Every structure is written in structure tokens, then in C-alpha cells.
Peer 1: 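Supplied in C-alpha cells, the structure appears directly below.
Naming: A, B, ... by sequence-line order, numbering from 1 per chain. Keep in mind the model is a prediction, meaning the values are calculated, not measured. Just so you know, these numbers use all the heavy atoms, side chains as well, and skip hydrogens, waters and symmetry mates.
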Number of protein chains: 2
Amino acid sequence: MPGSIKLADVAKLAGVSLGTASNAFNRPERVRQEVREQVAAAARKLGYLGPDPKGRLLMGGKAHAIGVLPAGEISVAHAINSPFFRDFMLGVSEICDENRANLLIVSGTKDRKDWAIRNALVDGFILGHTGEVELVSQRHQKVPFVVMDVDAGPDVSSVRIDGRTGARRAAEHLLALGHRRFAILAMSRRPVSPIWHPASDLSRRLVGSFPLDHEKLLGYGDAFEAAGISLDNVPIVESHPPTGWVEAGASMLFERAPKATAILAMSDRHAVAVLVEARRRGIRVPRDLSVVGFDNAPDAVTSDPPLTTVAQPLVEKGRIAARIVFGGGPPRQDILPVELIVRSSTSRPRRQS
Amino acid sequence: MPGSIKLADVAKLAGVSLGTASNAFNRPERVRQEVREQVAAAARKLGYLGPDPKGRLLMGGKAHAIGVLPAGEISVAHAINSPFFRDFMLGVSEICDENRANLLIVSGTKDRKDWAIRNALVDGFILGHTGEVELVSQRHQKVPFVVMDVDAGPDVSSVRIDGRTGARRAAEHLLALGHRRFAILAMSRRPVSPIWHPASDLSRRLVGSFPLDHEKLLGYGDAFEAAGISLDNVPIVESHPPTGWVEAGASMLFERAPKATAILAMSDRHAVAVLVEARRRGIRVPRDLSVVGFDNAPDAVTSDPPLTTVAQPLVEKGRIAARIVFGGGPPRQDILPVELIVRSSTSRPRRQS
DNA sequence: ACTAATTCTTGAAGCGCTTCAATCGAACTA
DNA sequence: TAGTTCGATTGAAGCGCTTCAAGAATTAGT
């Protein structure tokens with residue numbers, strides 16, 4: 001509404017100065033009771049609901065909100081739809097509640113994120129693992145922020161997990177069960193259709209991945225190597241969960257790597273896709289095929305069969321990240337532990353090798 | 001950072017006026033290429049990332065975000081955890097993405113909501129069905145808003161469902177199957193332990209409910225009446241889902257209304273709690289007990305057995321609400337259709353009456 | 001070459017509020 | 001009564017940016 005009442009109007013009607021009116025609202029104790037009531041009365045009469053936050057903000061005020069940018073180029077809708085994100089946000093929102101702050105979810109492609117980082121009205125940011133460009137620009141921002149799942153150096157707070165160890169545990173588990181023929185369903189962070197990587201130089205393997213995804217690959221490799229298997233001989237399919245192409249990725253895996261007895265999936269979302277696709281093809285898990293996921297997202301428990309997976313403390317991760325943003329202390333780098341959780345999607349292979 | 005660079009600094013270094021510098025960023029076409037580059041260069045040199053949104057905001061700018069206040073007194077964490085809310089938010093976020101806006105989730109108790117409504121930096125609000133006090137104060141706000149699931153009169157936009165009809169369909173379905181002994185697990189919006197309503201005056205039945213919940217009660221009543229049953233003789237337990245007391249509510253229902261052959265649950269969350277509690281007690285659904293939910297939230301499909309429920313178009317509801325906020329047209333009141341979906345949680349009662 | 005029509009820039013006036021040094025008054029000494 | 005105190009007000013100076021009328025520079029028109 002144009003010409004809406006402002007604090008000045010209230011002050012005038014109450015017969016006090018602007019400053020006093022402001023105090024009446026924000027520091028009542030500094031204003032005589034009588035005057036306070038006059039101001040309140042004037043406000044009521046004019047239908048004034050209190051100082052406009054826009055004005056307050058400018059003068060060094062807080063926005064009472066922190067922003068979260070999900071990882072990768074995904075929409076808010078996709079983010080909310082992801083069990084991983086949801087658990088993470090649970091932790092974040094818990095701390096927001098504690099700090100009486102709101103939660104702003106920002107999304108979209110890189111361009112849009114850059115824009116958002118500069119324009120969002122928040123007191124701090126939690127950045128889903130994001131490229132260096134954004135990091136650099138962040139440096140100059142005056143709001144605290146934390147990056148997830150990537151080491152951005154000692155000047156930047158980050159919270160991540162030991163992905164390499166986690167992935168190694170997953171592969172070791174399968175090796176211990178006797179598996180020797182593997183396939184990997186890898187994470188892509190870009191919205192493209194599944195990519196088949198038959199056997200090639202490691203460094204050129206994942207095209208749409210983030211550092212964490214590479215770490216996982218290395219972790220699988222660590223375990224393989226100890227067992228005398230070369231990661232370079234393990235087929236890989238890379239696929240992007242939010243767009244729903246992950247089922248196609250699982251399908252591609254079955255088509256092109258039919259001899260694998262065990263599949264290492266870089267997320268539970270990927271693993272569930274394998275489960276679904278396996279059932280569609282009449283392949284029984286874990287009898288005919290073992291599958292191990294990553295994250296221990298909520299759907300790892302509800303899937304059929306429940307997933308053997310590498311658990312990361314998603315909720316706690318959210319809490320820590322949010323605390324860092326609110327706390328605003330010196331930069332710190334947290335690395336959270338991971339843990340293999342064995343459920344029912346893995347077993348010995350039917351016939352050795 | 002105190003003393004951080006501002007637009008004025010950039011302007012000075014570039015040797016142009018403040019106004020021109022502003023235009024260089026916001027309306028590049030109005031500035032000569034050469035000058036534009038000077039400004040850009042100056043900005044780069046100073047590490048200036050573009051106009052601070054706080055300043056922009058004041059001069060009638062947009063916050064590029066809309067706020068969502070979940071219904072009832074719940075935390076952001078609880079809200080995110082609710083499948084109902086998630087589906088709804090999916091629709092909202094879709095429209096936010098379209099409008100390149102962010103999504104602010106506000107939560108908490110009434111006090112905090114009032115505060116948030118006045119202070120959140122957003123261009124509009126979606127209010128989970130909320131009491132009149134908040135409505136009234138909203139009237140004076142200058143941002144567009146829409147209320148969910150409650151008719152707030154012709155001056156206020158609202159989106160709701162025909163809860164009464166939906167509830168009637170649910171009860172009619174059970175009646176048609178031959179059920180005569182019912183119990184209702186009702187919705188409470190307040191974080192209190194379950195409340196037992198044996199048989200009393202209708203108007204005093206639900207203590208922590210919202211209008212929609214009352215509508216549902218009336219809908220059940222409509223069906224009962226047509227079958228010669230009085231709603232007043234149907235036992236009711238009222239419970240609050242977010243706090244986890246809903247399982248206790250289901251349990252209370254089994255304790256105090258052991259003879260019911262069918263349970264009408266006001267949400268799928270309630271219905272699932274009944275399912276869980278039934279299994280715990282060795283009561284088989286639908287053989288020994290029929291259960292019908294409400295909402296058709298995601299978990300209605302994944303529950304065991306899948307729920308017979310009254311579907312409401314949750315995602316679409318979110319879309320419509322968000323469009324109203326962004327569209328900002330004249331107030332409108334939408335009523336969305338509901339539809340009974342029969343799955344496997346209902347069947348004929350084992351022995352008549 | 002000179003005026004008319006354009007395109008660019010400028011400077012100043014806010015946007016709505018908070019802050020803070022300075023002022024005012026009244027209650028309190030001595 | 002004059003001199004202190006101390007809390008309650010005031011007034012003006014911003015916060016960082018956008019806007020807009022008005023002026024300057026450039027281009028077009030004849």
C-alpha cells in the first residue's frame with residue numbers, strides 16, 4: 001500500500017519525537033510509561049503494527065534468517081524432495097529454532113545462486129558443496145557462512161564427512177563377503193542423462209561430480225587395491241538423482257555390467273534405484289546381487305530390502321553447520337565420522353567369482 | 001565487516017556519480033558502454049560485489065522471497081518432517097522457482113509468528129490456517145498473503161479443501177462396507193497429550209482444533225446421520241502429530257474403544273499411527289480393523305498396508321497458494337476437490353455389528 | 001553551421017528506521 | 001537557593017541504495 005503509516009506518523013500523533021517513538025517500540029525501558037502508552041495508543045489508532053523491518057535492517061539490523069543453498073543445480077522442489085536434504089535440514093532447522101531465526105531456502109543454477117548469495121536477506125549461509133568461484137565471491141561477503149562436504153581451506157568453515165573412509169568400508173564389506181565383480185553407480189551433480197564409464201583413466205572418470213564424490217571413488221579404490229583389484233577395471237555409471245535419471249542409470253548398469261555381483265552406490269537414492277530396477281528385472285537382492293548405499297538417509301530403512309549403507313550423521317551435520325553460522329567464531333573445519341550399517345541388501349555372492 | 005565498500009566508493013573511484021554507478025549495475029542499458037566498464041573495473045578493484053540488498057530493499061524493492069508459516073505451533077523441524085507439509089511445499093517451491101524467488105520458512109508459537117509476520121523480509125506470505133488475531137493484523141500489512149484451509153471472508157485470499165465432503169466420503173465408504181462401530185482419531189493442533197472424548201456435546205468436542213478439523217467432524221457426522229448413527233455416540237481421541245503423541249493417541253483409542261471395527265483418522269499421520277499400534281497389539285488391518293486416513297500424503301502409499309484415504313491435491317494446493325501470493329490479484333477463495341482413494345486398509349467387518 | 005531531438009549524467013531528495021550526542025527537567029544535595 | 005545528578009527526550013545525522021527532474025553532451029536534421 002502506498003502512503004502507509006510510518007513511525008513518523010505515529011510519533012507526530014503521539015506528540016513525541018521520532019527517536020522516542022522508536023525507543024517506545026524497541027527499548028521500552030528507556031521511555032516513561034506514560035509516553036509509552038501514548039505512543040501505543042497512537043499506533044493503535046493508525047493501525048501501525050510496529051517498525052517496518054526494511055527500515056530497521058539498513059541500520060545494521062539482523063535479517064533473523066539464514067540461507068541454505070542445496071548442493072548442485074537443483075530447484076527448491078528437488079531439494080525438498082530429497083530424503084538426504086530433509087534429514088540435513090532437520091538439524092539445521094533445529095538450530096534455527098533455537099536461535100529464533102527463519103530458514104531461507106535458495107536454489108537454482110549457478111548464476112542464480114551467485115545472485116542469491118549477494119541478494120538474499122540473511123545473516124549467514126550454509127552452502128551445499130559449491131565450486132570455488134562462489135567461494136571466492138563469498139570471501140568478500142560480510143556474512144558468515146559454512147561450506148558443506150568440501151575442504152575450502154583454513155579460511156573457510158566447512159563441515160564434511162570422511163567420504164573416502166566411508167566408501168572404503170563399503171567396498172571392504174563386499175570384499176569380505178566374497179564379492180569380486182563390482183560395478184559403481186556414481187553421483188553426478190549435473191542434470192544430464194546417465195554416463196557410462198567402461199574403463200578408463202581414473203582422473204577422467206567422473207564428469208559431473210563434486211570433490212566428495214571423487215573421494216568416495218578413491219575410497220572404493222583403496223579397498224579394491226588392497227584386494228588386488230584395479231579400480232580401473234570396475235565399470236561405472238554416473239547419474240543425477242534429482243532429475244529422475246537415476247533409474248535409467250541403474251538400468252544402464254544392468255545392461256552393460258551384467259556380470260557384477262555387487263553394486264556400490266554413492267547414495268541411498270542411487271541404491272534404491274538399483275533395488276527397483278533389480279526387481280523389475282527379476283534379480284533378487286541380496287541373493288543374486290548385493291547393493292550398498294551411502295548416507296543412511298531415511299529411505300535406507302524403508303526400502304525393500306533395507307539397505308546396507310554407509311551412515312553419515314546427517315541431522316548432526318545440519319546442526320553443526322547451523323551452529324557455525326550462528327556462532328560466527330573463527331573458521332573451523334569439521335570432519336564427521338561415518339559408519340557402515342549392515343542391513344539386508346548384501347550377502348555372499350551365489351557363486352564365487 | 002565494518003567500513004565495507006559501498007556503491008559510493010565505487011562511484012568515486014570510477015569518477016562517476018552515485019546515480020550512474022547505480023544504473024551501471026541495475027540498468028546497464030542506460031549507461032554508455034565505456035562508463036559501464038569503468039564502473040565494473042572500479043568495483044573489481046575494490047572487491048565490490050554489487051549493490052547491497054539492504055539498501056535496495058528500502059527504496060521499494062522486492063525481497064525476492066515469500067514466507068511460509070506452517071499450521072499450528074510447530075517448529076521448522078517438525079514442519080519439514082511432515083509428509084503433508086512436504087508435498088505442499090513441493091507445489092509452493094515449484095512456483096517459487098518459476099518466479100525466481102526464495103522460500104522462507106517461519107515457524108514457532110503464535111507469539112513468534114506474529115513477530116515473524118511483521119518482521120520477515122518477504123514479498124508475501126502463505127499462512128498455514130491461522131487464527132483470526134493473526135488475520136486481523138495481517139489486514140494492515142502491505143504484503144499479499146493467502147490463508148490455507150480456512151475461510152477468512154471475501155477480503156482475504158484462501159485456498160482450502162472441502163473437508164466436510166471428504167470426511168463424509170470416508171465414513172460412507174466404511175458404512176457401505178458394513179461397519180457400524182466407529183471411533184475417530186482427531187487432529188489437535190496444539191502440542192498436548194491425547195485427549196479422550198467419550199460422548200459429549202458436539203460443540204465442545206475438539207479443543208485444539210482448527211476449522212478444517214471441525215469440518216471433518218461434521219462430515220463424518222453427515223454420513224453417520226444418514227445411516228441412523230449419532231456422532232455423539234462415537235468415541236473420539238484428539239492428538240497432535242508433530243510431537244509424536246499421536247501413537248499414544250492411537251493407543252488410547254484401542255484401550256477405550258475396543259469394540260470399534262473401523263477408525264476414521266483425520267490425517268494419514270494419524271492413520272499410520274493406528275496401523276503401527278494395531279500391529280503392536282496383534283490386530284490385523286484390514287481383517288480385524290479398517291482404517292481410513294486423510295490427505296493422501298506420501299506415506300499413505302508406503303504404509304503397510306497402503307491406506308485407504310481421502311486425497312486432497314496437496315502439491316496443487318501449494319502451487320495455487322504460491323501463485324496467489326505472486327500474482328497479487330484481487331482476493332479469491334479457492335476450494336479444491338477431494339477424492340476417496342481405496343487401498344488396502346479397509347474391508348468388510350468380520351462380524352456384523 | 002545552428003537548432004532540435006536524443007542519449008547520458010548528475011545531484012539531490014528520499015526510503016523508514018536507529019543511534020547518539022546534546023538538551024531538558026525534575027528530583028536531590030549541601 | 002544554587003549546584004549536582006541522572007533519567008527522559010529530542011534532533012539531526014546517517015544506513016546504502018534508487019529515482020527522477022534537470023542539466024550536459026552528443027547526434028540528427030536541414
Peer 1: Calculate, to the nearest 0.5 Å, the distance between atoms CG and CD belonging to A/Asp155 and A/Gln333 respectively.
Peer 2: 8.5 Å
Peer 1: Just grab all the salt bridge (charged side-chain N to carboxylate O under 4.0 Å, His left out) pairs involving residues 33-58 of chain B, residues at least two apart or on different chains.
Peer 2: B/Arg32-B/Glu34
Peer 1: Give me each pair satisfying ring-ring contact (aromatic ring centres under 6.0 Å, His included) with a member in residues 89-122 of chain B, each pair once, sequence neighbours excluded.
Peer 2: A/His64-B/Trp115
Peer 1: State, to 0.1 Å, how close A/Val192 and A/Ser188 come at their nearest heavy-atom pair, and which atoms those are.
Peer 2: CG2-OG, 4.2 Å
Peer 1: Walk along DNA chain D from 5' to 3' and tell me the first and last nucleotide with an atom closer than 4.0 Å to a non-hydrogen atom of chain A.
Peer 2: D/dA8 to D/dG16
Peer 1: Taking only heavy atoms on the protein side, list every residue of residues 35-44 of chain A lying under 4.0 Å from any atom of DNA chain D, sorted numerically.
Peer 2: A/Val35
Peer 1: Using the side-chain contact (heavy atoms from CB on, under 4.5 Å) rule, pick out the option among B/Val147, B/Val146, B/Leu127 that qualifies with B/Val156.
Peer 2: B/Val147
Peer 1: Please work out which residues in residues 20-34 of chain B have a non-hydrogen atom less than 4.0 Å from an atom of DNA chain D and list them by number.
Peer 2: B/Ser22, B/Asn26, B/Arg27
Peer 1: Identify, with sequence neighbours excluded, every residue that meets salt bridge (charged side-chain N to carboxylate O under 4.0 Å, His left out) alongside B/Glu29.
Peer 2: none
Peer 1: On DNA chain C, compare the nucleotides closest to B/Leu58 and B/Val16; which residue's is nearer the 5' end?
Peer 2: B/Val16
Peer 1: Rounded to the nearest 0.5 Å, what's the gap from CG on A/Asn102 to CG on A/Leu121? Could you check?
Peer 2: 12.0 Å
Peer 1: Can you pull every protein N or O that's under 3.5 Å from an N or O on nucleotides 24-28 of chain C?
Peer 2:
none

Peer 1: Is there any ring-ring contact (aromatic ring centres under 6.0 Å, His included) pair reaching into residues 20-57 of chain B, and which pairs are they, with sequence neighbours excluded?
Peer 2: B/Phe25-B/Tyr48
Peer 1: Can you name the nearest heavy-atom pair linking B/Ala14 to B/Gln38, along with the distance?
Peer 2: O-OE1, 3.1 Å
Peer 1: Assess whether side-chain contact (heavy atoms from CB on, under 4.5 Å) is satisfied between A/Ile335 and A/Ile161, documenting all intermediate values.
Peer 2: CA-CA 5 Å; A/Ile335 298 186; A/Ile161 55 167; 5.8 Å; no
Peer 1: If the condition is side-chain contact (heavy atoms from CB on, under 4.5 Å), which residues does A/Arg332 pass it with, not counting sequence neighbours?
Peer 2: A/Ser157, A/Ile320, A/Ile324, A/Asp334
Peer 1: Please assess A/Phe210 against A/Val150 for the test side-chain contact (heavy atoms from CB on, under 4.5 Å), listing each intermediate value before the final yes or no.
Peer 2: CA-CA 8 Å; A/Phe210 282 171; A/Val150 63; over 6 Å; no
Peer 1: Select base, sugar-phosphate, or nothing to describe what B/Lys6 touches, counting heavy atoms under 4.0 Å on all strands.
Peer 2: sugar-phosphate
Peer 1: Based on the rotation axes of five pairs at each end, what angle does the helix from C/dA1-D/dT30 to C/dA30-D/dT1 bend through, to 10°?
Peer 2: 40°
Peer 1: side-chain contact (heavy atoms from CB on, under 4.5 Å) with B/Asp123: which residues, sequence neighbours excluded?
Peer 2: B/Lys62, B/Ala63
Peer 1: Checking B/Arg160 now: which residues fulfil salt bridge (charged side-chain N to carboxylate O under 4.0 Å, His left out) with it, not counting sequence neighbours?
Peer 2: B/Asp151
Peer 1: Specify the closest pair of heavy atoms between A/Ala322 and A/Ile95, including all atoms of both residues, with the distance to one decimal.
Peer 2: CB-CB, 3.6 Å
Peer 1: Considering every strand and a 4.0 Å limit on heavy-atom distances, what is the contact class for A/Leu57: base, sugar-phosphate, or nothing?
Peer 2: nothing
